[in-house]
**Student:** 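Here it is, the structure in full.
First the proteins, then the strands, lettered A, B, ... as listed; each starts at 1. What you see below is based on every heavy atom in this structure, not just the backbone, and it leaves out hydrogens, waters and symmetry mates.
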Amino acid sequence: MASSSDSSTPRGEAWVWFSGLGLIIGLGMVIGLLSLVVLNGVTVFWAPQVPVATVDDGRTIIGQLAQRRVRAGSLASEPRYELQYQVGLRELNGNSYVWVDEAKIKSESFPADILGLERVENGPAFVRPQSLRKSDGKLIPVTDLAFEDAFQVEVAAATNIREKLVEITRHRIGDVNSEMDKARVALRRAEDLKLAAEVAALRRQIAGLEERFASLQAEAKAVVDRGAVASLVSRDASGREVVVPLTQVIRAWFPNRLDTWGRIKLFISRLGEFVFDEPREANTEGGLMPAIFGTLVMTVFMSLMVTPFGVITAIYLREYAQQGSVLRIVRISVNNLAGVPSIVFGVFGLGFFVYVLGGSIDRFFFADQLKYNNNTPVFGTGGLLWCSLTLALMTLPVVIVATEEALAAVPRGMREASLATGASKWQTIRDILLPASAPGILTGVILAMARGAGEVAPLMLVGVVKLAPTLPLDGAAPFLHMDRKFMHLGFHVYDLGFQSPDSDAARPMVFATTLLLICLVVCLNIGAIWIRNRLRARFKGASF
Amino acid sequence: MPQLMNPPSSSRIKVRPATEREGRKDYISIRDYGFWYGQKKALDAISLDIPERQVVAFIGPSGCGKSTLLRNLNRMNDLVDGVRHEGEITINGRSIYDPGLEVISLRRRVGMVFQKSNPFPKSIFENVVYALRVVGVRDRAVLEEACETSLRKAALWDEVKDRLNDSALGLSGGQMQRLCIARAIANRPEILLMDEPCSALDPIATGKIEELIHELKDQFTIVIVTHSMQQAARVSDRTAFFYLGKQIEYDTTEKIFMNPSQAQTEAYISGRFG
């Protein structure tokens, strides 16, 4: 003992190393997680060169390399690999992806004429184009110098037609349909109540809507017919002829001809589609705009609901309530609420918010709707409002605890100074304590937002869906539809990863979506932190 | 460190002669006052009268109850859990514990300056007019006038008049304390309580605040708690000496410092204990 106390080596050394090791492991996991997500998420949009590979068994493959892995059963000392190519053309091959033993690939070349296509249906395609049948019927062979320009022009024209068609079928016909639904409900009610005049009026309205519907359909058909569709004739790897109408083409590129700048442009264009467009093909392609928007709106509403509730509760607990054993029990309960599994909140949200609250709202305010629309609930089913409320309830303890601590941290002198000038308790809270503790309260809100934005389990019970036809915010009165179901990035990840029919195609999207979710949460937090720092700067003097 | 505020050359304490002015002799009247923090008795049988528009200093060693007594004059100690009192305190003849008297209106009449300057994290302007804001004054002109008057009285106007909208937390320690004084007098209270207002300030800032006390005496009755004998002697007309919650002696400052009747008082003043 004597010698160790005399030793110059600090005795805490081992613990320093030990705790340092803990930090390294923690940091390593965070960095590993982020880099995995970023690498896998970002490469989804990058267009690499596409090889033509000939295999021992006589097959030829044109496809983009998707992954390389050690073959099952191969020895660790001399691993054998197998490659997965995305060959596309699901309608011909049955599956977009093929696995090939790396050792069996005889040759690999990168011919310049390979064309990559992203299509509206059946996923991507990698083909060797032969000729372009223009909309006027003229055939331009790929060897013709005019081929590429003509191709670009025809793709642009076809895209235009497709967008017009979407505008008509999705939006205008959609509007007519929703009006029609409303009118039919009103008609049923009028018939039931025997309001002869109204029945007649509604019948006329419905007839008018039906007419509009028919004319829109005719318009859509006219658009399709008028722009007689150009198509691309090409051959796949095994020489089968593939004819792709250009209205099907979303994006076309020559993967082996692109320079770096071209690849970057393609990358940006795909990323833009991912962030700003709507999903296609069972969510495995296209964009995530509805999910991003849904997550954002839900998180904002959750924050708007949880902040006032949490702050008011904390003010009562800290400033007004008699400090004692009852209060201690309340505090312990609030803290324990933070540890309740989130799915429990989901069940509560479904049982109370959706069925009890929503059901009552429907009975009192939407009774006609229920009665004449086959008992279709309005608020008595999952929706944005109930999701926000459920998550607000879940994150309430975070805000309460943060606010209580922020209030307690306000210097006693400030409180006394306010009271000594003759301010009432409420004036002191409103004018002095709340502004001074605002940064601390915002910290709580940031934590609540971070937790709420990433939460999936309870939302699955109270209103998140795989595919929502409409956004919760749109141009139809009352503009903000709190009763609508919505899409959510977190649920989207789950849906892509585990519910998708084509798991190979969904895999890269899982990472891209995860990356987007992380970015969204980071952005929300940066926003809140920016506000907090501005508040802090306001309360901090130049010097002390 | 009261010694720091005393110039080393003068070892003798100079006493200002008490100013006699008209006004109630028992403007604040404390009768048989006792006070408990829970089971602990902090004040015992205090009885003293504070005349109108004079400066009264409470002196005594730490823990003697002088701050407690001061903080009871505007019932600031009500904020502490488990306190109770006996006896009576009246201001201008009316009990401060009168159930018909709201504690808020009492505090509006009795301003307070604390040991540690405690400006709000707001602008200088908003700090000064806070007391007017809480009574609902909205008129900008009234607020601005009150702000200027108070800052002038607190001898701070010339230093801050060009940056009234800057944060009050950017002021120096002495300026902050004068700002707190300006804030305390903005709604024209009748009484100003000062709880060791200079204990965290340097001698120059202390001098400024003491001058200020002299000037404010014309309009306010001032009760000041101080650890500095010199300061008590310099600023006050009457001095009360407390020890262990008891009032040992209360008389004119001249009498207390020149010819105290109690041996304990003399011992404390001459620095032999405390």
**Student:** Using a cut-off of 6.0 Å, state whether more than 12 heavy atoms not belonging to Tyr320(A) lie near its atom OH.
**Tutor:**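 Enclosed: over 12 neighbouring heavy atoms sit under 6.0 Å from OH of Tyr320(A).
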
**Student:** To the nearest 0.5 Å, what is the distance between CD on Glu416(A) and CG on Asn74(B)?
**Tutor:**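 Taking CD in Glu416(A) and CG in Asn74(B), the distance rounds to 9.5 Å.
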
**Student:** Under 4.5 Å from any heavy atom of chain A, what part of Pro119(B) do you find: side chain, backbone, both or neither?
**Tutor:**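 Just its backbone gets close to chain A.
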
**Student:** Which atoms of Arg412(A) are under 4.5 Å from chain B, going by heavy atoms: the side chain, the backbone, both sets, or neither?
**Tutor:**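 Only the side chain of Arg412(A) comes within 4.5 Å of chain B.
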
**Student:** Hey, what do you get for CE (Met76(B)) to CG (Leu419(A)), rounding to the nearest 0.5 Å?
**Tutor:**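 Met76(B) CE to Leu419(A) CG: 5.5 Å, rounded to 0.5 Å.
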
**Student:** Measuring from Tyr130(B):OH to Ile432(A):CD1, what's the distance to the nearest 0.5 Å?
**Tutor:**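 Reported to 0.5 Å precision, the distance equals 4.0 Å.
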
**Student:** Heavy-atom count around Ile204(B) CD1 within 6.0 Å, excluding the residue itself: above 12?
**Tutor:**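 Count not over threshold, so no.
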
**Student:** Roughly how far, to the nearest 0.5 Å, is the CD atom of Gln427(A) from the CD1 atom of Ile104(B)?
**Tutor:**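 One gets 7.0 Å once the value is rounded to the nearest 0.5 Å.
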
**Student:** Minimum heavy-atom separation for Arg183(B) to Ala417(A), with atom names?
**Tutor:**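 That closest heavy-atom pairing would be NH2-CB, 3.2 Å.
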
**Student:** How about Arg451(A): does its CZ atom have over 12 heavy atoms from other parts shown lying under 6.0 Å from it?
**Tutor:**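 Yes, CZ of Arg451(A) has more than 12 neighbouring heavy atoms, counting only those of other groups under 6.0 Å.
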
**Student:** Taking everything shown except Glu144(B) itself, do over 12 heavy atoms lie less than 6.0 Å from its CD?
**Tutor:**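 Buried by this count: over 12 neighbours within 6.0 Å.
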
**Student:** Side chain, backbone, both or neither: which part of Val103(B) has an atom under 4.5 Å from a heavy atom of chain A?
**Tutor:**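 Val103(B) has no heavy atom closer than 4.5 Å to chain A.
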
**Student:** For side-chain contact (heavy atoms from CB on, under 4.5 Å), just list the numbers for Thr421(A) and Arg107(B), CA-CA rounded to whole Å, side-chain angles, deciding distance to a tenth of an Å, and then say yes or no.
**Tutor:** CA-CA 6 Å; Thr421(A) 46; Arg107(B) 288 182 188 147; over 6 Å; no

**Student:** Mind checking the NZ-CG spacing from Lys122(B) to Asp431(A)? Nearest 0.5 Å is all I need.
**Tutor:**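 Rounded to the nearest 0.5 Å, the NZ-CG separation comes out at 5.0 Å.
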
**Student:** Using non-hydrogen atoms and a 4.5 Å limit, figure out which bit of Arg109(B) sits close to chain A: side chain, backbone, both or neither.
**Tutor:**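 Contact with chain A involves no heavy atom of Arg109(B) at all.
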
**Student:** Inspect the surroundings of CD in Gln323(A) and state if more than 12 heavy atoms from other residues, nucleotides or ligands are less than 6.0 Å away.
**Tutor:**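 Buried by this count: over 12 neighbours within 6.0 Å.
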
